[in-house]
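Worksheet: the structure to be examined is printed underneath.
Owing to the predicted nature of the structure, the values given are computational and were not obtained by experimental measurement.
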Amino acid sequence: MRFLLRLPQTHLRKLSSSMSVLMGSKQFLEFCLLPSFAASSPTCTRGAQRQLSSVSRRFRPVLASRPVSKSSPYHQRPNGVSPYTSISRAPSPVDPEDGAVQSRLANLRLKLADNGIDAQNCPSGQYSGLICPECEGGDSGEKSLSLFIAADCSSATWNCFRGKCGLKGGVRVSCNTSMTHVDGRFTTSVLPVEKVERKVTVDSLELEPLCDEIEDYFAARMISAETLKRNRVMQKRIGDEIVIAFTYWQRGELVSVKYRYLTKKFFQEKNTRRIFYGLDDIEKASEIIIVEGEIDKLAMEEAGFRNCVSVPDGAPASVSSKETPPEEKDTKYKFLWNCNDYLKKASRIVIATDGDGAGQALAEEVARRLGKERCWRVKWPKKSDDEHYKDANEVLMSMGPHSLSEAVRSAEPYPIQGLFSFKDFFDEIDAYYHRTHGHEYGVSSGWKTLDNFYSVVPGELTVVTGVPNSGKSEWIDALLCNLNHSVGWKFALCSMENKVRDHGRKLLEKHVKKPFFDADYGRSVPRMSVEELDEGKLWLDDTFTLIRCELDSLPSIGWVLERAKAAVLRHGIRGLVIDPYNELDHQRTQRQTETEYVSQMLTKIKRFAQHHSCHVWFVAHPKQLQQWDGGPPNLYDISGSAHFINKCDNGIVIHRNRDEKAGPLDLVQICVRKVRNKVAGQIGDAYLCYDRATGLFSDSPITPEKPERRSSRRQ
């Protein structure tokens with residue numbers, strides 16, 4: 001105790017809390033007093049001083065709650081003088097190497113915290129038991145997570161030993177930190193970390209030939225001893241257990257080993273080259289097979305395929321949403337880059353990963369790195385009506401090598417976005433042939449004379465034109481009413497030229513078949529009653545959705561189609577009316593011509609129609625006709641571009657007779673000038689009579705003689 005009396009009072013106060021816990025511990029007293037004792041005792045030899053100092057250094061980081069700085073009063077001075085006899089508290093300079101280690105440790109703890117692991121009290125160079133962030137230790141709350149921080153604080157690994165969890169992983173500090181003394185302070189600089197690959201051999205790893213127990217394990221999985229021997233599968237003794245050793249070879253050199261417990265736990269030799277398992281088997285192969293596990297590779301050999309390799313690390317949980325990183329940053333799939341010399345020779349790569357979600361994610365990640373154009377995908381046979389076999393070994397065990405071989409030989413080309421074969425659409429073609437959906441011929445327009453030339457097919461675009469005041473909008477409204485009454489379709493109306501109340505009046509008159517007002521235009525027919533109006537309003541609200549831009553600016557075609565898409569999903573519309581083209585906001589780049597703009601716009605409309613099985617009517621006015629003599633215009637007269645006729649599925653011109661000598665003034669000519677789908681119609685003219693009081697159209701009892709073509713432009 002006389003050594004304690006020599007300590008300054010401040011040091012004694014700092015030791016008091018620790019002394020209260022370990023006051024009776026002889027080892028604790030030695031830990032605190034040995035440095036002073038070794039320095040001051042005349043009976044202690046220099047060799048003993050070194051030994052005691054070594055003991056002190058070993059115990060200090062274990063018992064301390066945080067690393068002991070070399071500026072601490074408890075730290076042994078380099079000159080051998082005990083700090084306990086010194087009254088001065090001036091700190092000694094920080095060792096740069098110690099600062100670098102602490103910086104790496106701090107970075108490691110931050111990375112571990114990102115993975116849900118609190119390592120603030122975990123020292124480096126030893127294992128620590130913690131609560132697993134995944135399973136939380138189960139019902140008992142045991143500390144099942146083993147965390148190891150490397151002595152140099154460059155990396156940390158963890159593993160949960162609960163059988164139902166098995167969480168494992170690791171993090172690594174991506175750089176070393178060096179410290180430089182500048183202006184009385186230490187500054188930190190970053191140095192790259194270079195990973196050194198270990199050289200391993202069968203002898204250095206103490207690998208052994210397989211025992212009978214392991215061979216029996218593989219035999220139960222239908223893997224023969226001959227296949228095991230050719231693939232140099234070995235074993236290793238770890239304590240009282242024997243683990244399977246899958247040896248990774250490249251051109252006759254052992255580069256890594258992956259171990260498997262019989263309980264299906266895995267681990268690999270650290271700091272070894274990551275390559276495919278069975279890499280030498282594909283060195284000269286133009287067709288290769290990639291599987292998810294080493295046992296699946298062995299199963300493929302039992303089915304006659306030696307040109308097979310297995311990935312070394314298993315499958316990811318899901319496909320990454322990020323772009324494929326460059327080679328130097330693609331650490332997860334480094335094995336692909338390490339084996340690139342082998343893979344680039346292959347013209348056909350069959351991906352036979354597991355059938356679960358993780359296996360399909362692995363297939364996608366591998367395919368997008370190797371090029372989907374040379375990849376094929378294996379679809380495992382059905383186990384039951386709603387379940388497939390999981391992997392190659394399960395097929396081998398349940399169905400035999402012949403079925404496994406058939407599954408591989410029946411591999412299908414890996415899907416590429418935008419690239420299809422007709423086989424992908426056979427179900428749709430069959431449904432079309434058998435008219436399963438019911439509208440394969442199109443839906444009747446409601447007028448027999450017009451049905452010979454035009455019917456409404458879901459997913460098509462009809463462009464409607466005609467000179468002003470010809471009744472284009474009135475005819476479309478009447479057509480929509482007919483479709484609703486016959487097949488119950490609903491519609492979205494983007495009609496910029498009509499006020500809502502006026503458009504509602506026109507639709508109500510066609511539905512109720514009576515005029516809205518008791519005005520001159522409808523005096524020949526009684527006005528609709530209030531009860532009929534109320535019923536009609538319910539019909540309006542149920543049948544039509546309005547797309548209107550309430551802002552001062554005009555709507556763009558993209559804006560309109562976004563609202564139409566919402567109407568499809570929310571209200572189930574089957575038709576969209578955009579009336580007219582010149583009321584849209586036509587924003588185009590300075591270098592884009594109107595023809596190019598119209599082409600892109602019509603392409604967007606057609607894609608919307610096809611994707612949502614929705615028919616679109618698009619009204620476009622003709623340009624000012626030169627020397628027009630009253631005849632119907634044609635589709636090439638539409639203002640803007642010839643693409644209106646080139647890209648539409650159906651082209652219709654509405655023309656009203658204005659000459660009493662040519663026939664009744666209520667006669668409306670429906671000129672069908674383009675029909676892409678011959679099943680739905682043909683080019684020709686139909687004649688309808690227009691009832692001004694109700695806005696209804698009916699089949700004309702007379703068909704006038706065709707007038708001569710009088711348009712100033714070609715038909």
Side-chain angles (χ1 to χ4, degrees), residues 420 422 424-448 450-464 472-473 475-495 507 510 539 542-547 557-558 560-579 601-620 644-652 654 670 672-683 686:
F420 304 95
F422 265 108
D424 300 326
F425 298 92
F426 280 174
D427 291 341
E428 184 176 340
I429 292 174
D430 288 341
Y432 189 39
Y433 176 81
H434 295 290
R435 300 180 63 189
T436 304
H437 301 300
H439 302 315
E440 287 74 15
Y441 293 172
V443 180
S444 170
S445 66
W447 301 292
K448 293 181 179 179
L450 182 58
D451 285 343
N452 295 327
F453 307 104
Y454 174 73
S455 57
V456 181
V457 178
E460 290 189 351
L461 167 64
T462 297
V463 171
V464 180
K472 300 182 291 296
S473 300
W475 176 78
I476 291 176
D477 286 347
L479 175 62
L480 302 187
C481 291
N482 290 347
L483 293 172
N484 175 259
H485 295 158
S486 62
V487 292
W489 280 15
K490 298 181 179 182
F491 308 93
L493 305 176
C494 182
S495 181
L507 291 167
K510 294 173 176 59
W539 170 81
D542 182 64
T543 305
F544 300 99
T545 300
L546 301 177
I547 298 177
I557 190 62
V560 172
L561 294 179
E562 281 294 322
R563 273 66 188 171
K565 177 182 177 181
V568 171
L569 300 176
R570 180 171 292 184
H571 303 293
I573 66 165
R574 299 299 304 275
L576 167 66
V577 177
I578 304 175
D579 180 13
M601 176 190 66
L602 294 175
T603 297
K604 290 179 181 178
I605 296 174
K606 290 188 65 174
R607 286 180 177 173
F608 165 82
Q610 293 170 2
H611 183 73
H612 296 287
S613 191
C614 183
H615 196 102
V616 179
W617 292 270
F618 193 19
V619 178
F644 281 106
I645 187 172
N646 296 336
K647 305 199 78 165
C648 68
D649 296 298
N650 308 284
I652 294 178
I654 307 297
I670 312 298
V672 181
R673 292 292 177 259
K674 180 182 178 181
V675 177
R676 190 187 303 276
N677 182 4
K678 66 180 182 181
V679 175
Q682 59 183 325
I683 294 175

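Residues Trp489 and Thr543 are not in side-chain contact: their nearest non-hydrogen atoms beyond the backbone lie 4.5 Å or more apart. Annotation: side chain of Val577 is in contact with side chain of Leu480 (closest heavy-atom distance under 4.5 Å). The shortest distance between side-chain heavy atoms of Ile578 and Val619 does not fall below 4.5 Å. Between Thr462 and Asp649, every side-chain heavy-atom pair lies at or beyond the 4.5 Å cut-off.
The aromatic rings of Trp539 and His485 are tilted relative to each other, their planes meeting at an angle between 30° and 60°. Using cut-offs of 30° and 60° on the angle between ring planes, the pair Phe644 and Phe618 is tilted.
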Enumerate donor-acceptor pairs with a distance under 3.5 Å from any side-chain N or O in residues 601-608 to protein atoms, sequence neighbours excluded.
unit_1: Thr603; atom_1: OG1; unit_2: Ser599; atom_2: O; d: 2.9
unit_1: Thr603; atom_1: OG1; unit_2: Lys647; atom_2: NZ; d: 2.4
unit_1: Lys606; atom_1: NZ; unit_2: Lys647; atom_2: O; d: 3.1

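Shown here is Phe425, whose CZ atom has more than 12 heavy atoms of other residues, nucleotides or ligands within 6.0 Å. Remark: Gln682 CD is packed, more than 12 non-hydrogen atoms of other residues, nucleotides or ligands lying under 6.0 Å away.
Take Glu440 and apply the side chain to side chain contact (heavy atoms under 4.5 Å, CB included) test, not counting sequence neighbours, and it matches Tyr432, Arg435, His437.
For the pairing with Asn650, the side-chain hydrogen bond (donor to acceptor under 3.5 Å, both in side chains) check across Glu460, His615, Lys674 returns one residue only, Glu460.
Pairs engaging residues 568-579 under the side-chain hydrogen bond (donor to acceptor under 3.5 Å, both in side chains) rule: Ser473-Asp579 [sequence neighbours left out].
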